[in-house]
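To start, the structure itself, in structure tokens.
Since we're looking at a predicted model, the values are computed, not measured.
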Amino acid sequence: MSQDWTSDNDDSDKFEWESDGEAEPSSAPAFRNLDAAGPSTLDSNGWANEEAPPTSLVEGYVLMGFPKEMVLKGIKEIGHSDANALLELLLTYKTLGDDAAAGNCSTSGCFPQSVEDDDDFDFENWDGDDDADGREPNPDSSGDEDFLREMSEKDNKIKSLVDMGFPEDEANMAITRCGVDAALTVLVDSVYASQAAGDCHYGNLSDYEVTGSCFDSLGGRKRARLMEGSKKRRKRYGGAAQGNRRPLDGSHEEPMPLPNPMIGFNLPNDRLRSVTRRLPQQAIGPPFFYYENVALAPKGVWATISRFLYDIEPEFVDSKHLCAAARKRGYIHNLPIENRFPLLPLPPKTIFEAFPHYKKWWPSWDPRRQLNCLQTSMSSAKLTERIQCALASSGNPPPKSVQKYVMDECRKWNLVWVGKNKVAHLEPDEVEYLLGFPRDHTRGVGKTERFKSLGNSFQVDTVAYHLSVLKDMYPNGVNVLSLFTGIGGGEVALHRLGIHMKTVVSVEIGEVNRRILRGWWDQTQTGTLIEIADVKSLTDDRIATFVRRFGGFDLVIGGSPCNNLAGSNRHHRDGLEGEQSALFYHYFRIVDAVKSAMGRM
């Protein structure tokens, strides 16, 4: 009688795909093709076949206040397939005066070039047929469906910019200038460019023509600073002056190679390796900051995160080198890497060191000595019953096919042997122990919520090892801004290191997580805990108020949601463009705001 050896994949509707599964990164999503078909006849201006710009395109720029001759010159200079690059060129002409449009200033001399070459464009994974979400592009269509879709996309981008702290009118104007199809990074660059221009930024459509006298009054030095600032912003936000724009999610970037073994810059008691690093000047504190997310993210994500966080090299660590369970994570921080020390007592490194009672029933053909990454949910009773039936009807040892089936499920769900032919998932208190939390840290909420909160948390021993350098630096305690706090992994790490937390401003949207953190804080801490639910409500003005109130923050710590980055999220693995993982940009915004506010003290 054949057994029904099926996985809990059959119950995938019950699985919460929010963990950071250990799957390899997938290829980048197909890019949207912005090329528009041109006329195929030679016009009166002498354009070659398929080179002449559509009349409506030229008229659109003229209505925005650019002289027709300037528009035509710009199109001849770089073409019209990239609307964003063309708009930037026209704005640069106006910035430097009309002499540029007359030919006295070449684009190579006055227009910021791409920071990086486009040689890394992933042509292999790009499919031009996917440029319209699976529909054939139709430039002449003006149906209600396309209009509504465009308006919805515009509203979403305005909301994203407003959530990042930009005024709504500037967000709307950036979309008007750059187009609704522009990547969010391009819109951010556009807003900053307008702000840099001061009184000369655009107010409404009738103000699009920036007068030459206004920019002439800037003077040579200020004009040079404006152009240099534009270059810096373009580098920070991944923009390019011409050619293909890099998507905000970093999918255009070359994959950042992950080290093997994944042991970071150093490990406890690792005296054989000597790693030094030199931080970029702009990354040096105050404050210290510490950012965490899944290591196995989609292509280009870590390159983008690194670029936003001051071009700091990520430190990739698999927690299996510090405890009994794997947890592949990337960390970007500006902390020193010398004189680190681990938490004591050292955590167990194997399953049997952590849970010796399981050794009694562990079969010889199960070679595991460490557990895989701890997930946000556990296996079903139905699966463990199927495994028990399969083993009971087999010999000892079971056939290789049965062993493979059982081992695949045991590795996937971190099942342990609790009896003869009997496996079970870990209990919440066991997961707490493996992650470095105190026993019963999450007790008091439902079991499902406990697994979910723990699965999304820090591995405390790993984080504490990195944060340990702060102990001698702040003998009187620290003020902490904790973003996406979860159940307080960073706070528990600081507490176990013996670092007093004078004040923690915690930003966490999950009510269950806030309840867990508050319960632990009230029992263990004497400092002040200020709780904020939504990271979007932490405005720059509010940050400045906290900085004045507490004299600044010593540490900004957090890891934005990995929902759209994790390998196990097969439905919405959208990278940094995903609804949840795009919250990373708030982390960057807030760190930047803290640095600015503290710089004004």
Side-chain angles (χ1 to χ4, degrees), residues 1-12 14-17 19-24 258 260-263 295-296 318-328 346-435 447 451 454-455 459 461 566-568 570:
M1 176 178 171
S2 61
Q3 296 293 331
D4 180 20
W5 297 344
T6 56
S7 166
D8 261 10
N9 285 344
D10 302 334
D11 307 317
S12 58
K14 300 178 183 177
F15 187 85
E16 299 175 43
W17 294 97
S19 60
D20 70 330
E22 303 299 303
E24 290 298 320
L258 298 178
N260 187 17
M262 200 176 288
I263 55 177
L296 299 176
D318 188 341
S319 292
K320 73 178 184 179
H321 298 290
L322 292 98
C323 68
R327 204 169 191 80
K328 294 182 174 70
L346 294 174
K349 295 288 186 63
T350 69
I351 298 172
F352 299 147
E353 288 176 5
F355 312 114
H357 56 287
Y358 290 142
K359 191 171 184 178
K360 176 181 179 181
W361 300 107
W362 210 270
S364 59
W365 46 268
D366 184 343
R368 291 178 298 154
R369 294 300 176 261
Q370 288 187 307
L371 295 164
N372 278 337
C373 183
L374 302 168
Q375 307 270 11
T376 57
S377 63
M378 294 293 111
S379 64
S380 67
K382 187 185 301 183
L383 174 65
T384 57
E385 182 182 356
R386 284 197 295 261
I387 291 174
Q388 187 170 7
C389 290
L391 292 172
S393 60
S394 304
N396 187 17
K400 294 292 185 183
S401 59
V402 177
Q403 291 184 29
K404 182 180 185 306
Y405 162 69
V406 173
M407 289 309 307
D408 286 348
E409 298 301 329
C410 285
R411 289 189 175 100
K412 178 178 180 179
W413 297 103
N414 282 320
L415 302 177
V416 292
W417 297 91
V418 297
K420 181 180 179 182
N421 297 332
K422 186 177 181 181
V423 293
H425 61 68
L426 296 168
E427 292 299 322
D429 61 298
E430 295 173 320
V431 178
E432 289 172 343
Y433 180 54
L434 291 168
L435 291 173
K447 182 178 282 191
F451 283 131
L454 288 163
Q459 205 291 321
D461 298 278
S568 58
R570 56 187 178 182

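- For L322 against P347, the heavy-atom pair with the smallest separation is O-CG, 2.9 Å.
- Shortest non-hydrogen contact noted between Q375 and K412 is NE2-O, 3.9 Å.
- Looking at every heavy atom in both residues, W417 comes nearest to C410 through CZ2-SG, 4.4 Å.
- Note that the OG atom of S380 and the CE atom of M378 stand 12.0 Å from one another [nearest 0.5 Å].
- Closest non-hydrogen pair, P397 versus Q403, comes out as CB-NE2, 3.9 Å.
- Residue pairs meeting the salt bridge (Lys or Arg N to Asp or Glu O under 4.0 Å) criterion with at least one partner in residues 393-408, sequence neighbours excluded, are K404-D408.
- Residues P398 and V406 form no side-chain contact, since every pair of their non-hydrogen atoms from C-beta on lies 4.5 Å or further apart.
- Within the 4.5 Å cutoff, the side chain of Y433 has no heavy atoms near those of the E427 side chain.
- Q388 places no side-chain N or O within 3.5 Å of a backbone atom of V423 that could act as its donor or acceptor partner.
- In this structure, OG in S379 is found 7.0 Å from CD1 in I387, a value given to the nearest 0.5 Å.
- The line from NZ of K360 to CZ of F352 is 14.0 Å long, rounded to the nearest 0.5 Å.
- Here CG of N396 is found 7.5 Å from OG of S364. Values are rounded to the nearest 0.5 Å.
- Judged by distance alone, with hydrogens and angles left aside, the side-chain atoms of E409 form no donor-acceptor pair with the main-chain N or O of L383 at under 3.5 Å.
- For the pair M407/D366, a side-chain contact is recorded, criterion being any heavy-atom separation below 4.5 Å from C-beta on.
- At a threshold of 4.5 Å between non-hydrogen side-chain atoms, the residues L415 and H425 count as touching.
- Although no hydrogens or angles enter the test, the distance criterion places no donor-acceptor pair under 3.5 Å between the side chain of Q459 and the main chain of K328.
- Between V418 and V416, some side-chain heavy-atom pair lies under the 4.5 Å cut-off.
- Heavy-atom minimum distance, L434 versus A324: CD2-CB, 3.9 Å.
- Put simply, the side chain of D318 does not reach to within 4.5 Å of the side chain of P261, judged on heavy atoms.
- Here C373 contributes atom SG and K320 contributes atom NZ; the two are 12.0 Å apart, rounded to the nearest 0.5 Å.
- Between W361 and K420, the shortest heavy-atom distance links the atoms CE3-N, 3.4 Å.
- Between L426 and F451 there is no side-chain heavy-atom pair separated by less than 4.5 Å.
- More than 12 heavy atoms of other residues, nucleotides or ligands sit less than 6.0 Å from atom CD of E353.
- Here the straight-line distance linking atom OH of Y358 with atom CD of E430 works out to 3.5 Å at 0.5 Å rounding.
- For N414 (side chain) and N372 (main-chain N/O), a donor-acceptor pair under 3.5 Å exists by modelled atom type.
- In this structure E432 satisfies the side chain to side chain donor-acceptor pair (under 3.5 Å) test together with T442, R450, sequence neighbours excluded.
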